[in-house]
There are 2 protein chains.
Amino acid sequence: MDKLDAMRLFVRVAESGSFSAVAQQLNVARSAVTRQIAGLESMLGVKLLARTTRRLSLTSAGAAYLEKCRVILNLVEAAETGLAEERQSARGPIRMSVPLSFGIRHLSPLLLEFATLHPEVTLDTEYSDQRSNLFEAGLDLTIRVTRRLEPGDVARRIGSSRTVVVASPDYLARHGKPRHPAELTNHECLCYTGASTQKWDFVVDGQEQGFPVRGRLQANNGDVLLFAAASGFGITYGPSFICADALAAGHVRPILADFVVPELGIYAVLPGNRLVPHRVRVLVDFLASRLEKQPPWEAAKRRR
Amino acid sequence: MDKLDAMRLFVRVAESGSFSAVAQQLNVARSAVTRQIAGLESMLGVKLLARTTRRLSLTSAGAAYLEKCRVILNLVEAAETGLAEERQSARGPIRMSVPLSFGIRHLSPLLLEFATLHPEVTLDTEYSDQRSNLFEAGLDLTIRVTRRLEPGDVARRIGSSRTVVVASPDYLARHGKPRHPAELTNHECLCYTGASTQKWDFVVDGQEQGFPVRGRLQANNGDVLLFAAASGFGITYGPSFICADALAAGHVRPILADFVVPELGIYAVLPGNRLVPHRVRVLVDFLASRLEKQPPWEAAKRRR
DNA sequence: TCCATTGTTCCAATTTGCGCAACAAACTAT
DNA sequence: ATAGTTTGTTGCGCAAATTGGAACAATGGA
C-alpha cells in the first residue's frame, strides 16, 4: 500500500467528512477508501477517525496526524515541483473547474493548445457554473469571472472583460433605444436565473447603482440569453466575451454604453492551504499571457 | 509502488553508493532495487543517479531530491513517533549493533525483557565488535563501550564500568603481585588484539600514562582473556562487567587497584542526521534506567 | 586479455488490491 | 414508532502489480 496515497486519502476524508464522497470524487469503490484508512490506522496502531455510520470525527491522534500529513504532502509536492522546474517542463494531472460559457468559448481552445505544448500534462476540466464544489473536490484551480473576489480567495487575475448591454436592431426599432438605465423597467430584459435580486448595475453620476429589471425569460446561461436577444426578444446584460461575436456580426447593438459598470475580472482561484504545483503555475502563466494583453473577444470586437 | 519506500531506498542507495549493497542489507533481489529507483525516476521524469556498472553518482536533480527526501522521511518518522507517544507505546523495528562480550553478558537479558515489555517492537541485534559498519547499514543505534567518544558521535551515556586488572591467585603466588604498573613488563600480560600499541593506561601521580606490556597470548575477546587469566596464564586488563563474576567467585584477584584509569563510558550512539524514532528513545531510556544506577556487574561485585 | 562484479531485463509465481455485492448501523421522514 | 435511505464494513473472485531468479551487458581491475 502506498502510504502517501493513504495519507492523501485521509486528508480528503477528514476534510470532506465522508468516505463515500471521497470515493465518488476519485471514482473508486467505497471499500477501497475504507481499506486504505483502515490500513493506515493499523500501520500506525492508532484509530484516526471515530466513525459512526452517519458522522465522522477526528480522533485526537487523527487531528495531530492530519496536520503532519498536510505538511508532508506539501513537501512531497514541493520536491517534485522543484524537480520539474529544474527540468523546465510541466507534467502531471491538473483538475480544474471553469465557467460554462467562458470556458467553452474561450478557454477550451487555449487548454487544447496548452495540452499540445505540454504533452505530459493531463487536463481534467469540469465545465460548470456551480461554484459550490470548490477545493474539497480536489481541484487544482478554478477559473472565475466576477466583479469582486470573495474574501479569503487566493487568486491571480489572468484577464478581464467588460460588461455590455445589447439588443437586436429590430427590437430597438420596435421598442425604442433606452437612453438611461432607469428606462429598463419598461423593457423586456433577459436575466440570469441565479441573480439574487433582479437588478442590473450601472454607473450613474460616478455612483454604482442597481436598477430593477423585469422580463419573461430567464436562463442560467449567457449564450442562451444572447441568442434570445439577437432574436429580438429583449435586452441582455452580459460580459463582452459572450457578446463580442454577435456585436461584430451586427446581430445586436450596444446600448447604454456610457453607463456600463467597471470591468469584470477573470481570475484563476487557487487553493490557499496547499502548495501550488509547478504545472498549475505554468498553466496559469500561460492563460494569463494569452488573455491579459489581447483578449480574443476584444480583438474580434475591433474587427467590427 | 510505495513512493515513500522508494524514497527510503533512494536515500540508502545514494548514501552507500551501490544497488547491490542495499539489496543485500534489505534481503531483496537486486532487481527490486533497480525497479524501485527506475520507477521513482520515471514518476519524476528525471534521472536521479548516473550509473555506470561500477560507480554511482548523483545527478544534480538527484542531489536536490535527496535532500528533500531526507526531510520528508524525517517528517514521516516524526509524525508516527508523535502518534506513538500519544499512544504511550513503542512499536516497530529496531536494528542495533552491540559489542560482543557486553552484549551477550549484560545486554541480551535486558533486551529480552524489553521485548516482553513492548510486544510490538521487533529487535534485530547484531553482536559484533566490528565498528566499521555504522549507520550506513541502516542501524538505529549502536552500543559502544569506550573511554571517549569519537568526535561527531551523537550519543547518550547509559552506564559506566570501571577497568580492573586481575590475575589468578596461583599466578600471583608464582610470579609475585605487582605493586606498580611499571612492573608489568616482567609479567605475562593478556592483551586485546585490536589495541594499536600494546600499552595499558594507568593513573600515576594524577597523570594518565601508558605502560608497555608484553605477552604470548592475544585475543579479540575479553571473556577469553579473562578465562586465560583465571586459568593462571597471566594478567589481564578489562572492564569490570567482564571480570566481576570471576572476582566475586574468587577465580581472580584485583591488582594495581590504586592505579586504575577512570571509568569507561557505556554509550548508545545514535545517527545524528536523522530523527530518532520513539521506540529507540524508549529503548535507550530503558537501558539507561537499568544500567546507570545499579549495574548488575557492580551488584555482583559487592556480594564478594 | 581475462575475469569478477554490478546494474538491467525478461519471465513465471505469488501477492496485493480492486470492484461488486451483501450486511449492519444510524439518522430521517412519515 | 417504523419503514426507508444512506453510510461504513466485510467476504469473494479476479485482474494487476511486484517479487525473485536467471540470463545478459557493461565496466574496471588483475
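Note that this is a predicted model, so its numbers are computed, not measured.
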For B:Leu26 and D:dT19, give me the distance from atom CG to atom C1', rounded to whole Å.
-> 14 Å
Run the side-chain donor-acceptor check on residues 111-119 of chain B: report pairs under 3.5 Å with partners two or more places apart or on a different chain.
residue: B:Glu113; atom: OE1; partner: B:Arg290; partner atom: NH1; Å: 3.0
residue: B:Glu113; atom: OE2; partner: B:Arg290; partner atom: NH1; Å: 3.1
residue: B:Glu113; atom: OE2; partner: B:Arg290; partner atom: NH2; Å: 2.4
residue: B:Thr116; atom: OG1; partner: B:Leu112; partner atom: O; Å: 2.8

Residues that B:Ser60 engages under side-chain hydrogen bond (donor to acceptor under 3.5 Å, both in side chains), provided they are two or more places apart | A:Glu86
In this structure, CZ of A:Arg95 is separated from OG1 of A:Thr122 (nearest 0.5 Å) by 12.0 Å
Tell me: CZ of B:Phe10 to P of C:dG7, nearest whole Å?
-> 14 Å
Would you list the pairs meeting salt bridge (charged side-chain N to carboxylate O under 4.0 Å, His left out) in which at least one residue belongs to residues 36-50 of chain A, sequence neighbours left out?
-> A:Glu41-A:Lys47, A:Glu41-A:Arg51
Who passes side chain to side chain contact (heavy atoms under 4.5 Å, CB included) against A:Ser108, sequence neighbours left out?
-> A:Tyr127
To the nearest angstrom, how far is A:Phe19 atom CZ from D:dT10 atom C1'?
-> 14 Å
Write down the atom of A:Thr81, the atom of A:Pro277, and the distance for their closest heavy-atom approach.
-> OG1-CA, 3.6 Å
Tell me what B:Ser20 touches on the nucleic acid: a base, only sugar-phosphate, or nothing, going by heavy atoms under 4.0 Å.
-> sugar-phosphate
Between A:Tyr267 and A:Arg147 the two heavy atoms that sit nearest each other are OH-O, 4.4 Å
Scoring nucleotides 24-30 of chain D by protein non-hydrogen atoms under 4.0 Å (B base, S sugar-phosphate only, - none) yields --BSS--
For A:Asp2, check side chain to side chain contact (heavy atoms under 4.5 Å, CB included) against everything at least two apart and list the hits.
-> A:Leu4, A:Asp5, B:Asp2, B:Lys3
When the rotation axes relating C1' atoms of four end pairs to the next four are compared across the helix from C:dT1-D:dA30 to C:dT30-D:dA1, five pairs an end, they differ to 10° by 30°
Under 4.0 Å from any atom of DNA chain D, heavy atoms only: list the residues of residues 37-51 of chain A that qualify, in numerical order.
-> A:Arg51
Could you give all pairs that pass the salt bridge (charged side-chain N to carboxylate O under 4.0 Å, His left out) test and reach residues 56-67 of chain B, with sequence neighbours left out?
-> B:Glu67-B:Arg70
Which pair of non-hydrogen atoms, one from A:Val22 and one from A:Ser16, has the smallest distance, and what is that distance?
-> CG2-OG, 3.3 Å
At their closest point, which heavy atom of B:Ala6 faces which heavy atom of B:Met1, and how far apart are they?
-> CB-SD, 4.2 Å
At under 4.0 Å between heavy atoms, what does A:Val28 touch on the DNA or RNA strands: base, sugar-phosphate, or nothing?
-> sugar-phosphate
Could you list the residues that satisfy side-chain hydrogen bond (donor to acceptor under 3.5 Å, both in side chains) with B:Ser101, not counting sequence neighbours?
-> B:Asp223
Assign a letter to each nucleotide of nucleotides 11-18 of chain D from its 5' end: B, base within under 4.0 Å of a protein heavy atom; S, sugar-phosphate only; -, no contact.
-> B------S
Listed partners of B:His106 passing ring-ring contact (aromatic ring centres under 6.0 Å, His included), at least two apart | B:Phe102, B:Phe241, B:Trp297
